[in-house]
Amino acid sequence: MANDSKKFQDIISHCKEYGFIFPSSEIYDGLQAVYDYGQWGSELKKNIKDYWWKSMTQLQENIVGIDAAIFMHPTTWKASGHVDNFNDPMIDNKDSKKRYRVDHLIEAHAEQMVANNRQDEADGLIAEMEKLLAKDDFPGLKKLIETYNIKCGISGTSNWTDVRQFNLMFSTEFGSSSSSEEGDNIVYLRPETAQGIFVNFLNVQKTGRMKIPFGIAQIGKAFRNEIVARQFIFRMREFEQMEMQFFIRPGTQKEWYEHWKQERLKWHLSLGTDSKNYRFHDHIKLAHYADAACDIEFDFPIGFKELEGIHSRTDFDLKNHQEFSKKKMQYFDNDIDPATGKAYGNYIPFVIETSIGLDRMFLSVISNAYEEQDLSTPEKQDSRVVLKLPPRLAPIKMAVLPLVKKDGLPEIARQIIDDCKSHFHCFFEEKDTIGKRYRRMDAIGTPFCVTVDQQTKEDSTVTIRHRDSMQQERIAIADLKRIVLEAISGTTTNTSNFLITN
RNA sequence: GCGGAAGUAGCUCACCUGGUAGAGCGACAGCUUCCCAAGCUGUAGGUAGCGGGUUCGAGUCCCGUCUUCCGCUCCA
């Protein structure tokens, strides 16, 4: 499937044509890397969310959910490291078109000088650079690059653009009146939801009487200014994360990291997707907060890409919040340590994070479900586009179709819907030939089409058509609800009811 | 950010070397139809991305701008 760009384009078109995903503000030519979910897309997205939420909270004895605000105190992002790490000044070489982080460029030059026995000069350069970086003096940095005649490794020229700051965090003004102190009332739109969990760690632990190990789950929007963002909903400026931070005893991070790696993979597989579409990718170069990290990658039409991250975040976040807030972020553990015979006592918990992009999950689900089928026979050319969505995720579970729109058939169909609609999403359609209606339902992934015909009036049976096989069977109306409910609750696929006991 | 290509009805596209916009599918209304799209009739829908220029006249030529796609780059 790798790099099947035609298929990717087809999926994007299909998403738009059938009301799953529209470019944002399309009537104004759109807004780059921002998308809206339409009538069926929002249903599918919500079903994914519900499935995750249920798996991570209801089915886990020691995980609870929260819903933290998008706005957070600005110091949050200093403590988390995002202010420093998301603000790298960059510079482009106009000839090679190569972009460099300014600090990397200068450091590389300094290393070169050291190699040429000019240690003192190199030290001076670095010192000067750090002074300028601390002041955010971009013209000064450019001048420094020119003064030292630093050249691009590829073009060999020093034809540089201005130094520019790439703000990966969105900021906005807080409060209705502008402050006299510049920057005083700037708040960021959170670039990850995790910090909302960390700052509430003690609130939840105390009010929920949570004992370590325990987890806090959250679904919410996050915002990042991407430099290049042209990959449909794979990389968006406004996106939604489903994260869970699992708080554990220091020293146990390795086993819990392994545990959540396996648990999360199981969750993906529980939706019936072939395991060959998934693989783990271990991070060699670790982020500033992690002592182990991997991604679950999915084989998207654009190739294997990151779908979910599992990170062992150590005590980095809680420790920093403790330092910046001057509030204790510790847990008192009464359990007896078998090694010492004494209670574990006070400590800052370590954290294992599972973080999945909801929009990426949506893309993985829909690209896995999308299928163009050639149904031609020697007599007749025929084809269909079908979304083989897991029934539990499908926007509509059951369409009820009167074979003809007369003789009381529509009325019977309405009755069936009235009986079922409080249990799952139903859809009524009497227009066009039955075949067209089936195909329209295939295109949005409806797993069941129920057809009311003349026989229904005689014996209260209907035909039920299975989306994937297109096979039909005749069943009693009285059995309908149960059959559909069984299919969408997926008794055979629910493998994630794993209770954590230790 | 750079290079290339493209923007005409909801979708796919046509209009050749400038002369006041067209098809198929789709949608809607009706008819027909007892089970898998391309039966019948009718209706709606486009100031040709936007702005400017050349011209008697521009979708068609020129410039600008925006957007999208492909490649590179970047990021993770």
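Order of the sequence lines fixes the chain letters, A, B, ..., with proteins taken first and strands second; residue numbering starts at 1 for each chain. As the structure is a prediction and not an experimental result, all values here were calculated from the model.
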Chemist: Rounded to whole angstrom, note down the P distance from B/rA29 over to B/rA44.
Modeler: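 Pairwise P distance, B/rA29 against B/rA44, rounds to 15 Å.
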
Chemist: Rounding to an integer number of angstrom, what distance separates B/rG4 and B/rG24 when you compare their P atoms?
Modeler: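 Between the two P atoms, the distance is 38 Å.
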
Chemist: I'd like the P distance from B/rC13 over to B/rG3, given in whole Å.
Modeler: 27 Å

Chemist: Nearest-Å distance, CZ (A/Phe22) to C1' (B/rC11)?
Modeler: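 Result: 13 Å.
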
Chemist: A/Arg474 and A/Thr463: side-chain donor and acceptor closer than 3.5 Å?
Modeler: no

Chemist: Let me check I have this right: for RNA chain B, each base becomes ., (, ), [, ] or |, based on Watson-Crick or G-U pairs with both distances under 3.5 Å. What is the full string?
Modeler: (((((((..((((.....[..)))).(((((.......))))).....(((((..]....))))))))))))....

Chemist: Pick the C1' atom in B/rU54 and in B/rG1, then give their distance to the nearest Å.
Modeler: 34 Å

Chemist: Please determine whether a side-chain nitrogen of the Lys or Arg among A/Arg414 and A/Asp419 lies less than 4.0 Å from a carboxylate oxygen of the Asp or Glu.
Modeler: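 Judged by the 4.0 Å cut-off on N to carboxylate O distance, A/Arg414 and A/Asp419 do not form a salt bridge.
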
Chemist: Mind calculating the distance between NZ (A/Lys405) and P (B/rG30) to the nearest angstrom?
Modeler: 5 Å

Chemist: Would you kindly compare A/Glu306 and A/Met470 by the position of their nearest RNA chain B nucleotide and give the one closer to the 5′ end?
Modeler: A/Met470

Chemist: Send over the distance from A/Tyr18 OH to B/rG26 C1', rounded to a whole Å.
Modeler: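 Whole-Å distance recorded here is 8 Å.
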
Chemist: For the pair made of CD in A/Glu430 and P in B/rC35, what is the distance, rounded to whole Å?
Modeler: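 Rounded to whole Å, this separation is 19 Å.
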
Chemist: Counting any heavy atom closer than 4.0 Å, what does A/Ser383 reach on the DNA or RNA strands: base, sugar-phosphate only, or nothing?
Modeler: base

Chemist: Measuring from atom NZ of A/Lys143 to atom OH of A/Tyr148, what distance do you get when rounded to the nearest 0.5 angstrom?
Modeler: 13.0 Å

Chemist: Please pick, from B/rA27, B/rA37, B/rC28, the nucleotide with the shortest atom-to-atom distance to any side-chain atom of A/Lys431.
Modeler: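 Of the options given, the side chain of A/Lys431 lies nearest B/rC28.
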
Chemist: Starting at atom CG of A/Asp382, determine the distance to atom C1' of B/rC35, rounded to an integer number of angstrom.
Modeler: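 Checked: the CG to C1' distance equals 14 Å.
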
Chemist: Please tell me which of the listed nucleotides, B/rC11, B/rU33, B/rC36, lies nearest to the side chain of A/Arg439?
Modeler: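 When the side chain of A/Arg439 is considered, B/rC36 is the closest of B/rC11, B/rU33, B/rC36.
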
Chemist: Which of these nucleotides, B/rC11, B/rA27, B/rC36, is closest to any side-chain atom of A/Arg440?
Modeler: B/rA27

Chemist: Whole angstrom is fine here: how far is it from CZ in A/Phe232 over to P in B/rU68?
Modeler: 13 Å

Chemist: Is the A/Phe427 ring parallel, tilted or perpendicular to the A/Trp40 ring (thresholds 30°, 60°)?
Modeler: perpendicular

Chemist: What's the gap between B/rC66 and B/rC56 when it is taken at their P atoms, as a whole Å value?
Modeler: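 Approximately 32 Å lies between the P atom of B/rC66 and that of B/rC56.
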
Chemist: Side-chain donor-acceptor pair under 3.5 Å between A/Glu243 and A/Thr193, yes or no?
Modeler: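 Short answer, yes.
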
Chemist: Between A/Phe201 and A/Phe247, how do the two ring planes meet: parallel, tilted or perpendicular, split at 30° and 60°?
Modeler: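 Tilted.
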
Chemist: Checking contacts here: which listed nucleotide (B/rC36, B/rU33, B/rA27) is nearest the side-chain heavy atoms of A/Asp432?
Modeler: B/rA27

Chemist: Could you state the atom-to-atom distance from CE of A/Met236 to P of B/rC75 in whole Å?
Modeler: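 Those two atoms, CE and P, are 22 Å apart.
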
Chemist: Taking only the C1' atom of each, what is the distance from B/rC72 to B/rA48 in whole angstrom?
Modeler: 32 Å

Chemist: When you compare B/rG19 with B/rG59, how far apart are their C1' atoms, in angstrom units rounded to a whole number?
Modeler: 13 Å

Chemist: Of the options B/rC36, B/rC11, B/rA37, whose atoms approach the side-chain atoms of A/Lys16 most closely?
Modeler: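 So the nucleotide nearest the side chain must be B/rC11.
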
Chemist: Do A/Trp52 and A/Trp267 come close enough that some side-chain heavy atom pair is under 4.5 Å?
Modeler: yes

Chemist: Can you tell me which nucleotide in B/rC35, B/rC36, B/rG10 comes closest to the side chain of A/Arg465?
Modeler: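 My answer, after comparing the listed nucleotides, is B/rC36.
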
Chemist: Can you name the residues that form a side chain to side chain donor-acceptor pair (under 3.5 Å) with A/Thr451, not counting sequence neighbours?
Modeler: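 Partners of A/Thr451 by the side chain to side chain donor-acceptor pair (under 3.5 Å) criterion, ordered by chain and then number, come out as A/Tyr438.
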
Chemist: Judged by modelled atom types alone, do A/Arg465 and A/Gln472 share a side-chain donor-acceptor pair under 3.5 Å?
Modeler: no

Chemist: For A/Gln9 and B/rC70, is the shortest distance between a side-chain N/O and OP1 or OP2 below 4.0 Å?
Modeler: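 True: A/Gln9 side-chain N/O within range (under 4.0 Å) of B/rC70 OP1/OP2.
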
Chemist: On a plain distance test, is the side chain of A/Gln472 in donor-acceptor contact with the base of B/rC35 below 3.5 Å?
Modeler: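 Such a pair exists between side chain and base.
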
Chemist: Select from A/Ile12 and A/Thr463 the residue whose nearest nucleotide in RNA chain B is closer to the 5' end of that strand.
Modeler: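 Its nearest nucleotide being more 5', the pick is A/Thr463.
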
Chemist: Nearest whole angstrom, please: distance from the P of B/rU73 to the CZ of A/Arg235.
Modeler: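 Answer to the nearest Å: 14 Å.
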
Chemist: Between B/rC70 and B/rG52, how far is it from one P atom to the other, in whole Å?
Modeler: 32 Å

Chemist: Let's see if you can work this out: which of B/rA37, B/rC11, B/rC35 has an atom nearest to the side-chain heavy atoms of A/Lys436?
Modeler: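 For the A/Lys436 side chain, the nearest candidate turns out to be B/rA37.
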
